[in-house]
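In this text, all values refer to a predicted model and were calculated from it rather than measured experimentally.
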Amino acid sequence: MATPNHTGASHSLFILRGIPGLEDQHIWISLPFFISYLVAVLGNSLLVFIIITERSLHEPMYLFLCMLAVADLILSTTTVPKALAIFWFHAGEISLDGCITQIFFIHATFIAESGILLAMAFDRYVAICDPLRYTTLLSHAVIIKVGLAVVLRSFSVILPDVFLVKRLPFCHSNVLPHTYCEHMAVAKFACADIRVNVWYGLSVLLSTVMPDALLILVSYTLILNAVFHLPSRGARQKALGTCGSHLGVISMFYLSGIFTVITQRFGHHVPLHTHILLANICTLAPPMLNPIIYGVKTRQIRDLFLLLFSLPQEAYLEKSFYGLCQ
């Protein structure tokens, strides 16, 4: 429990309260959490399975989408099961090491998703603005290197967070008003100077997410300029259709994140439970909606989804295994 003075003893166990002020509503709040997580796990798992097993989808656009689905699975699985344990069983206890591990995976996955979305924007730019060099610029070797670069960047910039939180002494309250451990939410409970944590967290955003968002904006400005100069109306509609799903995913990812950050930084009069709910939306909505958006907007994936549920399972698996062996 909390200690009233600065004795030098640091907590090794924290208690997550869930959504403070709405404890009596936790059972009802858990329903959208559970449904969102179920949709996210099933949708993204099917997406990964279909892309891996279908040779026709072994193209840059779909391979990047597979990476995004894996990142969504990690993000949702890192946060939602613990939230459900709090809502259903009041199991809010989490060790300091478990808390730091959660911080690492949440932030690393967020940075990785930003990098993957940038790679997908570049893929659409090359496909529309320089189609003759598409297979050269985005070969399988290049895609592997891009994937490794995304993972290495996210791990290298978030790894210092582990040590920045680990060094802090926690001798105030060990009760965290949240459903998961987030870097600054945890750091604020330390009985030490956290300016380094604040400035490093800001520098991570300014050096990764912000440049990614600006480059995506530049890419789609060039894409739209090229699309509207196409001579055929049908070609314009087709080009815009291929980018529509990606634009929806990008908008959802960045706008929800920006809105949450602005609310946390400047919304001092916003109730605490609203802050917590907004933070959870950032981890719930993208993993749940991404497979739905791509499943509806992308014809090849939509057709394969329908094929998966219309054919007998044995026949589909045989077809998929045959495709892998070709």
> Would you check, one step at a time, whether the test side chain to side chain contact (heavy atoms under 4.5 Å, CB included) holds for N290 with M252?
CA-CA 9 Å; N290 285 352; M252 179 177 55; 3.1 Å; yes

> Check whether any side-chain N or O of H58 sits under 3.5 Å from a backbone N or O of I51 as a donor-acceptor pair, and report yes or no.
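Present.
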
> Can you tell me how far CG of N174 sits from CG of L176, rounded to the nearest 0.5 angstrom?
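Here the interatomic distance stands at 7.5 Å.
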
> Check the hydrophobic clustering (I, L, V, M, F, W, Y; side-chain heavy atoms under 4.5 Å; chains of links allowed) and say if M67 and L148 are grouped together.
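No, M67 and L148 fall in different hydrophobic clusters.
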
> Using the test ring-ring contact (aromatic ring centres under 6.0 Å, His included), find all partners of F64 that sit at least two apart in sequence or belong to another chain.
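Expected list: none.
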
> Identify, with sequence neighbours excluded, every residue that meets side-chain hydrogen bond (donor to acceptor under 3.5 Å, both in side chains) alongside D212.
S114, R153

> Other than L75, what residues sit in its cluster of Ile, Leu, Val, Met, Phe, Trp and Tyr side chains whose heavy atoms are under 4.5 Å apart, directly or through others?
I106, Y180

> Measure the CG-CE distance between L215 and M210 for me, rounded to the nearest 0.5 Å.
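L215 atom CG to M210 atom CE measures 11.0 Å (nearest 0.5 Å).
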
> Which residue pairs pass the disulfide bond (SG atoms under 2.5 Å apart) test with at least one member in residues 101-159, sequence neighbours excluded?
none

> Would you check, one step at a time, whether the test side chain to side chain contact (heavy atoms under 4.5 Å, CB included) holds for Y62 with I50?
CA-CA 10 Å; Y62 302 109; I50 288 174; over 6 Å; no

> Looking at I276, is its backbone amide N or carbonyl O close enough to the side chain of N280 to form a donor-acceptor pair, meaning the two atoms are under 3.5 Å apart?
yes

> Rest of the hydrophobic cluster containing L214 (Ile/Leu/Val/Met/Phe/Trp/Tyr, side-chain heavy atoms under 4.5 Å)?
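Members alongside L214: none; it stands by itself.
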
> Does a side-chain heavy-atom distance below 4.5 Å link I158 with F105?
no

> If every non-hydrogen atom of A40 is compared with every non-hydrogen atom of L73, which pair is closest and at what distance?
O-CD2, 4.0 Å

> Enumerate the disulfide bond (SG atoms under 2.5 Å apart) contacts for residues 25-101, please, sequence neighbours excluded, ordered by first and then second residue.
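Sorted result for residues 25-101: C99-C181.
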
> Of the non-hydrogen atoms in D193 and L168, which two are nearest, and what is the gap between them?
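Heavy-atom minimum between the residues: O-CD2, 4.2 Å.
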
> Within the 4.5 Å heavy-atom criterion, are L63 and H140 side-chain neighbours or not?
yes

> Ignoring hydrogens, what is the shortest heavy-atom contact between L16 and T179? Give both atom names and the distance.
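Nearest pair, atom of L16 first, then T179: CD1-O, 3.8 Å.
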
> In the single-linkage hydrophobic clustering (I, L, V, M, F, W, Y; side-chain heavy atoms under 4.5 Å), do M184 and I103 co-cluster?
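They do share one cluster, since a chain of ILVMFWY contacts under 4.5 Å joins M184 to I103.
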
> Membership question, hydrophobic clusters at under 4.5 Å side-chain separation (ILVMFWY): are I292 and L65 in the same one?
yes

> Report yes or no: do L22 and L31 belong to one cluster of Ile/Leu/Val/Met/Phe/Trp/Tyr joined by side chain heavy-atom distances under 4.5 Å?
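Not linked; separate clusters.
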
> According to the ring-ring contact (aromatic ring centres under 6.0 Å, His included) rule, which pairs have a member within residues 67-90, sequence neighbours left out?
H26-F87, F33-F87, F34-W88

> Is a donor on one side and an acceptor on the other found under 3.5 Å between the side chain of E113 and the backbone of I111?
no

> Would you indicate whether the side-chain heavy atoms of L47 and D72 approach each other to under 4.5 Å?
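Not in contact.
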
> With rounding to the nearest 0.5 Å, note down the distance linking CE in M120 to CD1 in I250.
7.5 Å

> Taking only residues two or more places apart in sequence or in another chain, which ones pass side-chain contact (heavy atoms from CB on, under 4.5 Å) with L96?
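Listed in chain order: F14, I100, F170.
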
> Are the side chains of V146 and F122 in touch, meaning some heavy atoms are under 4.5 Å apart?
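A side-chain contact under 4.5 Å is absent here.
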
> Can you hop from I29 to L38 via hydrophobic side chains spaced under 4.5 Å?
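Yes, it is one cluster - the side chains of I29 and L38 are joined through contacts under 4.5 Å.
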
> S56 and E59: which non-hydrogen atoms are nearest, and at how many Å?
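It is O-OE2, 3.6 Å.
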
> Only counting residues at least two apart or in another chain, list the ones meeting side-chain hydrogen bond (donor to acceptor under 3.5 Å, both in side chains) with T77.
Y37

> How close do V150 and A112 get, heavy atom to heavy atom, and via which atoms?
CG1-O, 3.4 Å

> So does D97 get a backbone contact from the side chain of K166, meaning a donor-acceptor N/O pair under 3.5 Å?
no

> Any chance you could pull the hydrophobic cluster mates of L152, using side-chain heavy atoms under 4.5 angstrom and chaining through other members?
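None, because no other hydrophobic side chain comes under 4.5 Å of this residue.
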
> To the nearest 0.5 Å, what is the distance between CD1 (I74) and OG1 (T79)?
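Going from the CD1 atom of I74 to the OG1 atom of T79 covers 12.0 Å.
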
> Considering all heavy atoms of both residues, which atom of P211 and which atom of L205 are nearest to each other, and what is their separation?
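The pair with the smallest heavy-atom distance is CD-O, 4.2 Å.
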
> Determine which pairs satisfy disulfide bond (SG atoms under 2.5 Å apart) with at least one residue from residues 269-304, sequence neighbours left out, and list them in order.
none

> Do any N or O atoms from the side chain of Q102 and from the backbone of E182 form a donor-acceptor pair under 3.5 angstrom?
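No: the side chain of Q102 does not pair with the backbone of E182.
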
> Please tabulate, one pair per line, all N/O donor-acceptor pairs under 3.5 Å involving side-chain atoms of residues 197-204, not counting sequence neighbours.
unit_1, atom_1, unit_2, atom_2, d
N197, OD1, R167, NH2, 2.8
N197, ND2, L164, O, 3.3
N197, ND2, H183, NE2, 3.1
Y200, OH, V157, O, 2.6
S203, OG, W199, O, 3.4
S203, OG, Y200, O, 2.7

> First locate atom CD1 of I94, then atom CD1 of I15, and finally report the distance between them rounded to the nearest 0.5 Å.
11.5 Å

> I'd like to know if the side chain of D123 pairs up with that of Y134 as donor and acceptor (distance under 3.5 Å, no hydrogens or angles considered).
yes

> Do M61 and R124 touch side chain to side chain, with heavy atoms closer than 4.5 Å?
yes

> Kindly compute the distance separating CG (L118) from OG1 (T208), expressed to the nearest 0.5 Å.
11.0 Å

